[in-house]
**Student:** 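What follows is a single structure, and I will ask about it in a moment.
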Amino acid sequence: MALEDQQAVIRYRQSAAAQTASRKGASLDSEWLKALVMECGADDAGFVAITREELQPQLGKLTKLMPQVKTLVSICCRMNRTAVQSTTRSIANHEFHETYDEVNHVARKLVRRLTDEGYDAMNAVAAFPMEMQNAPGDTIPIHHKPIAEAAGIGKMGLHRNVIHPRFGNFILLDTVLIAHEVSEQSAALDYSPCIDCKLCVSACPVEAIGMDGSFNFSACYAHNYRDFMAGWADWVDQVVEAKDRDDFRTRVTPGETASVWQSLSFKPNYKAAYCVAVCPAGENVLGSFLEDRVAYNRDHVQPYKELTETVYVLPGSDAEDSVPRRYPHKTATRVGWAMDATEIFSFLFNLTLTFQRRQARGVSQIINLVLPGREGDENPLEASLRIHDQRLEILYWHAPAADHHITCSQDTFIAMFRHDFDLDTALEAGDIAGDMNAQAIRKLIKCFPKYGYLPPQILQAAD
């Protein structure tokens, strides 16, 4: 029997003909779509076309997820604020995870409803899972925060969390991709709900948020995400390297092992979400802060400062310097930066994530790099490192007025930042050429924490 004579095919042709004619090329009514999203359980939503300028940096990612995508639906769901503000981490973490499940459920339900109406749609998934097989490269298939900003859900505050004008930063986000245009896009907010109170700066145990708006990614990641991928890899390193049970327990405390078990058995636990918890922005949150700032600070900020806890820091980092000075009752524990990049582009990006501003104080230089690739790669990479005003910029070309030049293999350049690299031997052997002497190179290396697996004598001893 021919395909077109099959009863299933005949029935499909009959039922789909009218729907296909009405849906093809049609845009979705934005009011109808907004009502549908809210009916599915969202607390707010907005729509933005992928042609918008704000989304161009991740256009390639979006079209890879769904080649025919035309519009993004940004969805937010509220968290229970008092749970997030609890200093009992299990309570706060449970609220995060429950809300992530909720926003994913809302997005999945929306996709089902749109599909039933004949529209192609896909949920990009909130938070997890990520494409961890790509680690330590790019593991994030979609960035929800810039989409939420473009769709009018809110603006990112000083702490890099999206602040909703009503709900504050007590929200979680998801994105649904649809292969259709909408009749009216949402406009981005024309103001920021962030009130620049600096409470997030005050409460952060690792000083990841700067008063000037800077952000130390590695400080936040090493501590807050200790039970996530990087901390897990470092924990495994200690298991493998330990000689026996007693040696392992000198490397890792029983409490940390129990915390790793908890995160593996249930869901990964954040060590600190204090920047979210103390934020008073948002119309539904702002009142108590404005009415009595002293009481707000006493009830919602001081408990985190006074909390006795372990704070994980990278050796040679700004956080290692700041934790004992700001919080002498907190225990600063050294951990390794286990997200080792072996490919040069990932490594250069890694440098931007781990740059330590305090360590770079007084450093002002532009370094042109010539980095020949591995065997079979005939074209060396040319790049520049520009350090000025305690900031790092990486250029993928040579700056015209460089202070120094370095030529070395990509593998040698990556190895330079590891704790066990012998710089003097590399210079004597000619592995590193150029006009940058050992002292200047050490000054460059000091702007970053120590990379790779770290033995106990590095982890347990101060420099």
Side-chain angles (χ1 to χ4, degrees), residues 25-34 37 42-76 103 107 110-111 114 119-127 130-131 137-167 169 171-194 196 212-215 217 281-282 345 348-349 352-353 383 386 391-397:
S27 62
L28 283 77
D29 180 77
S30 57
E31 291 187 6
W32 172 83
L33 181 58
K34 180 67 174 284
V37 181
D43 288 302
D44 201 1
F47 319 121
V48 58
I50 63 166
T51 54
R52 284 268 286 272
E53 181 180 356
E54 306 99 300
L55 303 185
Q56 296 317 293
Q58 57 175 323
L59 182 59
K61 288 187 173 188
L62 297 171
T63 54
K64 181 179 180 180
L65 288 174
M66 188 181 195
Q68 66 272 36
V69 61
K70 292 183 179 178
T71 303
L72 306 174
V73 181
S74 181
I75 298 170
C76 92
V103 72
L110 174 63
V111 169
L114 288 171
Y119 297 108
D120 292 328
M122 182 180 69
N123 176 21
V125 184
M130 294 180 180
E131 301 303 293
D138 189 358
T139 63
I140 303 175
I142 188 171
H143 298 270
H144 298 293
K145 291 180 182 179
I147 295 169
E149 283 194 306
I153 296 298
K155 289 280 189 182
M156 276 190 271
L158 188 69
H159 49 22
R160 304 308 193 275
N161 300 306
V162 173
I163 302 175
H164 189 277
R166 283 182 293 148
F167 311 138
N169 75 167
I171 60 170
L172 293 179
L173 305 167
D174 199 357
T175 305
V176 168
L177 291 72
I178 55 178
H180 307 269
E181 297 176 348
V182 295
S183 59
E184 184 178 352
Q185 292 187 54
S186 305
L189 291 183
D190 58 3
Y191 74 100
S192 174
C194 179
D196 200 32
D212 60 353
S214 59
F215 184 68
F217 174 87
F345 287 101
L348 290 173
F349 178 67
T352 67
L353 299 180
R386 178 184 292 168
R391 296 182 183 276
L392 169 68
E393 182 181 10
I394 293 181
L395 309 174
Y396 289 95
W397 59 83

**Student:** Taking all non-hydrogen atoms of both residues into account, name the closest pair between Leu173 and Ala126 and its distance.
**Tutor:** O-CB, 3.2 Å

**Student:** So which pairs with a foot in residues 49-61 pass salt bridge (charged side-chain N to carboxylate O under 4.0 Å, His left out), sequence neighbours left out?
**Tutor:** Arg52-Glu54, Lys61-Asp138

**Student:** Who are the side chain to side chain donor-acceptor pair (under 3.5 Å) partners of Ser74, not counting sequence neighbours?
**Tutor:** none

**Student:** Identify, with sequence neighbours excluded, every residue that meets side chain to side chain donor-acceptor pair (under 3.5 Å) alongside Glu184.
**Tutor:** none

**Student:** Minimum heavy-atom separation for Ile163 and Gly282, please, with both atom names.
**Tutor:** CG2-N, 4.5 Å

**Student:** Please name all residues satisfying side-chain contact (heavy atoms from CB on, under 4.5 Å) with Ala49, sequence neighbours left out, ordered by chain then number.
**Tutor:** Thr51, Gln185

**Student:** Could you check whether Ser183 and Ser30, counting side-chain N and O atoms only, form a donor-acceptor pair closer than 3.5 Å?
**Tutor:** yes

**Student:** Would you give the length of the straight line joining atom CG of Leu33 to atom CG of Leu28, rounded to the nearest 0.5 angstrom?
**Tutor:** 5.5 Å

**Student:** Please enumerate all residues that pass side-chain contact (heavy atoms from CB on, under 4.5 Å) together with Met66, with sequence neighbours excluded.
**Tutor:** Gln68, Val69, Asp120, Met122, Leu177, Ala179

**Student:** Does anything in residues 139-164 pair up under ring-ring contact (aromatic ring centres under 6.0 Å, His included), and if so which pairs, sequence neighbours excluded?
**Tutor:** His164-Phe167

**Student:** Applying side chain to side chain donor-acceptor pair (under 3.5 Å), can you list everything that pairs with Asp174, at least two apart in sequence or on another chain?
**Tutor:** none

**Student:** For Gln56, I'd like to know if atom CD has over 12 heavy atoms of other residues, nucleotides or ligands within 6.0 Å.
**Tutor:** yes

**Student:** Rounded at 0.5 Å granularity, tell me how far CG in Asp44 sits from CD1 in Ile153.
**Tutor:** 4.0 Å

**Student:** If I take atom CD from residue Glu181 and atom CD1 from residue Ile50, how far apart are they, to the nearest 0.5 angstrom?
**Tutor:** 9.5 Å

**Student:** Kindly write out the residues that satisfy side-chain contact (heavy atoms from CB on, under 4.5 Å) with Phe217, not counting sequence neighbours, or none if the list is empty.
**Tutor:** Phe215, Tyr221, Trp337, Leu353

**Student:** Considering residues at least two apart in sequence or located in another chain, which fulfil the side chain to side chain donor-acceptor pair (under 3.5 Å) criterion with Arg160?
**Tutor:** none

**Student:** Quick check for you: to the nearest 0.5 Å, what is the distance between Cys194 atom SG and Met156 atom CE?
**Tutor:** 12.0 Å

**Student:** Can you sort out the partners of Lys155 under salt bridge (Lys or Arg N to Asp or Glu O under 4.0 Å), two or more places apart, ordered by chain and number?
**Tutor:** none

**Student:** Assess the residue pair Asp43 and Ile171 against the criterion (side-chain contact (heavy atoms from CB on, under 4.5 Å)); give the C-alpha distance rounded to whole Å, side-chain angles, the decisive distance to 0.1 Å, and a yes or no.
**Tutor:** CA-CA 9 Å; Asp43 288 302; Ile171 60 170; over 6 Å; no

**Student:** Quick one, Thr175 with Leu62, criterion side-chain contact (heavy atoms from CB on, under 4.5 Å). Give me CA distance, side-chain angles, the key distance, then yes/no.
**Tutor:** CA-CA 11 Å; Thr175 305; Leu62 297 171; 5.9 Å; no

**Student:** Would you please name every residue forming a ring pair (Phe, Tyr, Trp, His ring centres under 6.0 Å) with Tyr396, sequence neighbours left out?
**Tutor:** Phe345

**Student:** With Val73 as reference, evaluate Val176, Val182, Val48 under the side chain to side chain contact (heavy atoms under 4.5 Å, CB included) test and give the passing residue.
**Tutor:** Val176

**Student:** Which label fits His180 and Tyr119: parallel for a plane angle under 30°, tilted from 30 to 60°, or perpendicular past 60°?
**Tutor:** perpendicular

**Student:** Check the pair Ile147 / Ile142 against side-chain contact (heavy atoms from CB on, under 4.5 Å), numbers first and verdict last.
**Tutor:** CA-CA 9 Å; Ile147 295 169; Ile142 188 171; 3.7 Å; yes

**Student:** What is the minimum heavy-atom distance between Pro165 and Leu189, and which atoms define it?
**Tutor:** CD-CD1, 4.0 Å

**Student:** Would you name the heavy atoms of Leu55 and Pro146 that are closest together and state the gap between them?
**Tutor:** CD2-O, 4.2 Å

**Student:** Kindly indicate whether the side chain of Ser214, heavy atoms from C-beta on, has any atom under 4.5 Å from the side chain of Arg391.
**Tutor:** yes

**Student:** Looking at every heavy atom in both Gly46 and Ser186, which two are closest together, and how far apart are they?
**Tutor:** CA-OG, 3.3 Å

**Student:** Under 4.0 Å between a Lys/Arg side-chain N and an Asp/Glu carboxylate O for Lys34 and Asp29?
**Tutor:** no

**Student:** Taking side-chain contact (heavy atoms from CB on, under 4.5 Å) as the definition, give me every residue that meets it alongside Asp190, ordered by chain and number, with sequence neighbours left out.
**Tutor:** none

